[in-house]
Amino acid sequence: MTGYPIYQEGRLNNPDITWERARKWNAGVEVRFFEDKLSFVADYFEEKRDNILWYLNTVPETVAADLPPANIGKVENRGFEVHGTFNDNIGGFSYWIDGAYSFARNKIIYQDERQPAHERMLRTGRPIDQYFGLTFEGFYNTWEEINDPDRPVSEWEGGGLQPGDMKYKDLNGDGLINEEDMGPIGYSNWPEITYNFSFGASWKGFDLSVLFQGTENVSVYYTNKAAFPFMEDWGPAQSWHLGRWTPERYANGEEITFPRLELNPGQGHNYKISDFWVQDGSYLRLKNVEFGYRFSPALLQKIGIDSFRMYVSGNNLLTWNNFTYRVDPDAREAWGRTYPSMRVFNAGVNCQV
């Protein structure tokens with residue numbers, strides 16, 4: 001038998017590719033009160049983009065070619081930002097408060113999308129990178145539940161389910177758990193809301209400043225090392241796997257926060273994207289605290305120094321979130337390979353001669 005080489009055309013080119021276009025407008029207002037002690041700035045914006053490069057998805061199979069992207073996409077983004085500041089001085093005690101809040105939501109206006117089996121599966125009309133997945137409904141705890149003839153059958157259960165496996169909601173009621181039971185879950189991994197607020201004070205040479213920051217309307221998808229125990233070349237199981245399902249833990253009434261362990265989880269039934277793995281990525285962080293003391297200029301002039309200040313500070317001191325697993329919420333990358341958030345303490349002096 002003699003073999004012959006096969007030649008085929010690769011991806012086609014698109015000589016008509018052009019620039020993405022954007023149309024923007026915004027309206028803002030700035031007001032000040034009480035001799036500039038209180039200031040407030042607000043801004044509303046809208047942005048519409050078209051000619052976005054997107055792949056064609058409604059091409060007949062008779063087109064035996066890998067088509068290039070085309071300038072077909074349309075997206076809109078709108079939101080607002082507000083910023084306020086207040087400062088005052090009472091008997092030599094100075095203090096200030098500052099805060100900012102922004103909201104921005106984008107929406108896909110057009111992309112070449114195939115009509116799905118159900119309207120909830122449409123990406124058009126939803127934010128870019130919106131997560132879609134299954135709806136988690138708890139765990140199968142007994143063989144009676146597994147062997148129930150009325151339970152929906154999972155397309156990914158392979159050789160069969162076991163106690164400790166996940167239950168998913170059969171959204172279309174066809175008795176089968178598959179991709180047609182997926183829908184929008186959570187948000188994207190880009191926060192719609194970001195905010196910060198800070199305050200500080202000074203008195204007789206002492207000064208203090210504190211900064212908080214946070215995000216809302218953002219989701220994190222846990223996968224790879226962050227989700228899979230005993231994954232090859234990724235080290236041992238992590239501490240969060242201790243909440244796994246076992247017959248003993250279930251019989252003792254302990255809280256179950258993780259499915260049964262599997263040596264080769266891959267992308268099987270328990271590890272399909274669902275609202276179990278896509279979780280709230282919101283957080284509030286005490287970002288920075290600094291305390292200092294500035295020596296009196298009258299004293300410093302005697303030794304030829306213009307200014308001298310000592311300080312101590314801390315960064316990333318505390319974080320509040322609803323994360324099941326320990327990852328840096330500011331990174332929003334949940335493969336388990338992000339560098340952990342570092343708590344840093346500093347001490348120093350500022351001297352000017």
Side-chain angles (χ1 to χ4, degrees), residues 17-34 36-55 69-87 96-113 119-120 122-132 183-200 209-221 278-288 319-322 328-333:
I17 284 179
T18 185
W19 296 104
E20 181 178 319
R21 299 182 301 186
R23 289 175 293 172
K24 308 178 183 181
W25 75 271
N26 69 290
V29 60
E30 180 178 357
V31 293
R32 296 178 181 271
F33 303 97
F34 313 121
D36 289 345
K37 291 181 180 180
L38 174 63
S39 63
F40 181 80
V41 178
D43 187 75
Y44 176 82
F45 62 89
E46 287 189 5
E47 178 182 31
K48 294 184 178 181
R49 290 180 173 267
D50 59 14
N51 277 3
I52 300 172
L53 282 176
W54 234 307
Y55 284 98
N71 298 101
I72 60 172
K74 296 181 180 180
V75 172
E76 72 173 18
N77 185 37
R78 60 181 63 188
F80 63 89
E81 299 176 351
V82 293
H83 178 223
T85 302
F86 180 79
N87 63 84
W96 54 269
I97 303 172
D98 185 277
Y101 181 98
S102 68
F103 173 85
R105 175 171 291 171
N106 63 65
K107 181 172 67 173
I108 299 172
I109 302 301
Y110 177 78
Q111 60 176 329
D112 190 30
E113 181 178 17
E119 289 295 318
R120 67 172 181 277
L122 278 172
R123 266 65 171 174
T124 303
R126 301 189 185 277
I128 298 173
D129 295 331
Q130 165 73 58
Y131 288 114
F132 281 75
I185 51 177
Y187 296 90
S188 76
N189 66 339
W190 294 100
E192 291 185 339
I193 296 172
T194 60
Y195 62 92
N196 65 76
F197 57 93
S198 57
F199 58 87
S209 63
V210 180
L211 169 65
F212 290 85
Q213 70 176 35
T215 63
E216 296 284 344
N217 291 8
V218 58
S219 296
V220 175
Y221 174 34
V278 175
Q279 299 185 9
D280 181 11
S282 305
Y283 75 91
L284 172 63
R285 171 173 287 167
L286 177 54
K287 184 65 176 179
N288 177 267
T319 302
W320 296 270
N321 58 59
N322 296 319
D328 180 5
D330 214 16
R332 298 191 304 276
E333 198 279 354

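This structure is a prediction, so every number in the text was calculated from the model and none was measured.
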| request: For residues Asn321 and Tyr283, report the shortest heavy-atom separation together with the two atoms involved. | output: CB-CB, 3.9 Å
| message | Is any side-chain heavy atom of Ile193 closer than 4.5 Å to one of Thr215? | response | no
| task | Taking the side chain as every heavy atom from C-beta outward, state whether Trp25 and Tyr44 have any pair of such atoms under 4.5 Å apart. | result | yes
| With side chains defined as the heavy atoms from C-beta onward, is the minimum distance between Val220 and Gln279 less than 4.5 Å? | no
| note | In terms of heavy-atom contacts, Thr124 and Gln111 come closest through OG1-CG, 3.4 Å
| note | To the nearest 0.5 Å, atom CD of Glu20 lies from atom CG of Asn51 at 8.0 Å
| Any donor-acceptor pair under 3.5 Å linking the side chain of Asn106 with the backbone of Ile128? | yes
| remark: With sequence neighbours left out, the residues meeting side-chain hydrogen bond (donor to acceptor under 3.5 Å, both in side chains) with Asn196 are none
| request: Determine, stepwise, if the pair Tyr221 / Ile185 fulfils side-chain contact (heavy atoms from CB on, under 4.5 Å). | output: CA-CA 10 Å; Tyr221 174 34; Ile185 51 177; over 6 Å; no
| Heavy-atom closest contact (Ser198 atom, Trp96 atom, distance) | OG-CZ3, 3.2 Å
| Is it true that atom CH2 of Trp19 has more than 12 heavy atoms of other residues, nucleotides or ligands lying nearer than 6.0 Å? | no
| message | Going by side-chain hydrogen bond (donor to acceptor under 3.5 Å, both in side chains), name the residues that satisfy it together with Arg120, two or more places apart in sequence or in a different chain. | response | none
| field | Interatomic distance, Ile97 atom CD1 to Phe197 atom CZ [nearest 0.5 angstrom] | value | 11.0 Å
| request: Taking all heavy atoms of Trp54 and all of Gly73, pick out the closest pair and write down the distance. | output: CE3-CA, 3.2 Å
| task | Please name the pair of heavy atoms, one in Ser282 and one in Glu216, separated by the smallest distance, quoted to 0.1 Å. | result | OG-OE1, 3.1 Å
| How many angstroms lie between CD1 in Ile72 and OH in Tyr55, if you round to the nearest 0.5 Å? | 11.0 Å
| For Tyr131 against Val278, the heavy-atom pair lying closest together | CD1-CG1, 3.8 Å
| message | With rounding to the nearest 0.5 angstrom, report the CD to CD1 distance, Glu76 to Ile108. | response | 11.5 Å
| remark: Taken to the nearest 0.5 Å, the spacing of Phe132 CZ from Leu122 CG works out to 7.5 Å
| Going through the checks in order, is the salt bridge (charged side-chain N to carboxylate O under 4.0 Å, His left out) test met by Glu46 and Lys48? | CA-CA 7 Å; Glu46 287 189 5; Lys48 294 184 178 181; 5.3 Å; no
| query | Heavy atoms, side chains only, cut-off 4.5 Å: are Phe212 and Phe199 in contact? | reply | yes
| field | Spacing of CD belonging to Glu113 relative to CZ belonging to Arg123, to within rounding of 0.5 Å | value | 7.0 Å
| Which pairs count as salt bridge (charged side-chain N to carboxylate O under 4.0 Å, His left out) when at least one residue sits in residues 183-197, sequence neighbours excluded? | Arg105-Glu192
| request: Let me see the working for Phe103 and Asn217 under side-chain contact (heavy atoms from CB on, under 4.5 Å), right down to the final yes or no. | output: CA-CA 9 Å; Phe103 173 85; Asn217 291 8; 4.2 Å; yes
| said: Going by the rule side-chain hydrogen bond (donor to acceptor under 3.5 Å, both in side chains), which residues pair with Asp43 if we only count those two or more places apart in sequence or in a different chain? | reply: Asn26
| field | Set of side chain to side chain contact (heavy atoms under 4.5 Å, CB included) partners for Glu47, sequence neighbours left out | value | Ala22, Lys24, Arg49, Asn77
| task | Return the set of residues passing side chain to side chain contact (heavy atoms under 4.5 Å, CB included) with Val41 (not counting sequence neighbours), or none when no residue passes. | result | Glu30
